[in-house]
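Reviewing the structure listed below.
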Amino acid sequence: MRRDVFQAIADPVRRDIIKLLSEQALTVNEVAEQFEVSRPAISKHLKILEECGIIMFSQKGRERHCFIQPKNLIPAFLWIDQYRNLWEEKLDSFENYLNQLQNKNNKHEQSKKQNPNP
């Protein structure tokens, strides 16, 4: 089965593993200790990440160390980045809407203070 970066980031556990390994290289056991799933499940996630080219292993004595291969995340970044302007526009529009509501509420509150009902 051919795997790609999108399969790597499709699972939240794998995304968390990528985040961990982006901070420092860890042994397989150190990675497994960070999760409340079984060691075999973590090993399966690590194998998928390796098949996707996101991580690599280095054997040091009896321990296998996991290293991130960040350049292989570039295709996912480029795909997501193409939608940046769309989301920035949507968020800007939402922010403007919230500001308008806040201004309307502020004007209403000021009006109530200036003209209290008897």
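No hydrogens, no waters, no symmetry mates; every other heavy atom, side chains included, goes into these values.
- Separation of atoms SG (Cys66) and CG (Leu46) is listed at 5.0 Å; rounding is to 0.5 Å.
- Using a 4.5 Å cut-off on side-chain heavy atoms (C-beta onward), Phe57 and Phe67 make no contact.
- Looking at Gln59, its side chain does come within 3.5 Å of a backbone N or O of Gly61 through a donor-acceptor pair.
- Remark: Ile68 CD1 to Leu26 CG distance equals 10.5 Å, nearest 0.5 Å.
- The distance from the OG atom of Ser43 to the CD atom of Glu50 is 11.0 Å, given to the nearest 0.5 Å.
- Residue Leu78 belongs to a hydrophobic cluster whose other members are Ile74, Phe77, with links defined by side-chain heavy atoms closer than 4.5 Å.
- Side chain to side chain, Asn106 and Gln102 meet the donor-acceptor criterion of an N or O pair below 3.5 Å.
- A side-chain donor-acceptor contact under 3.5 Å links Gln82 to the backbone of Trp79.
- Residues Val28 and Met56 do not share a hydrophobic cluster, defined by chaining ILVMFWY side chains whose heavy atoms lie under 4.5 Å apart.
- If you chain together hydrophobic residues whose side chains sit under 4.5 Å apart, Phe35 and Ile54 fall into the same group.
- Checked by atom type, the side-chain pair Asn29/Arg39 shows a donor-acceptor distance below 3.5 Å.
- With values rounded to the nearest 0.5 angstrom, Leu21 atom CG is found 12.0 Å from His65 atom NE2.
- No continuous path of hydrophobic side-chain contacts links Leu98 to Leu91 [ILVMFWY only; heavy atoms under 4.5 Å].
- Without hydrogens or angle criteria, Gln7 side chain to Asp4 main chain gives a donor-acceptor distance under 3.5 Å.
- Contact check for Arg14 versus Ile9: no side-chain heavy atoms found under the 4.5 Å cut-off.
- For the atom pair Leu101 CG and Asn96 CG, the distance stands at 11.5 Å (nearest 0.5 Å).
- Following chains of ILVMFWY side-chain contacts shorter than 4.5 Å, one can reach Val37 starting from Leu20, so the two form part of one hydrophobic cluster.
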Mind running side-chain contact (heavy atoms from CB on, under 4.5 Å) on Gln69 and Ile55 for me, showing each step along the way? CA-CA 5 Å; Gln69 300 294 299; Ile55 67 167; 5.6 Å; no

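- Once rounded to the nearest 0.5 Å, the distance linking CD1 of Ile42 with CD of Glu36 reads 11.0 Å.
- The hydrophobic cluster containing Val5 also contains Tyr83, counting ILVMFWY residues as joined when their side-chain heavy atoms lie under 4.5 angstrom apart, directly or transitively.
- Sorted by first and then second residue, the salt bridge (Lys or Arg N to Asp or Glu O under 4.0 Å) pairs with a member in residues 74-98 read Asp81-Arg84; sequence neighbours excluded.
- Side-chain contact check for Ile18 versus Leu73: some heavy-atom pair is nearer than 4.5 Å.
- A donor-acceptor distance shorter than 3.5 angstrom exists from the side chain of Glu30 to the backbone of Thr27, with no hydrogens or angles considered.
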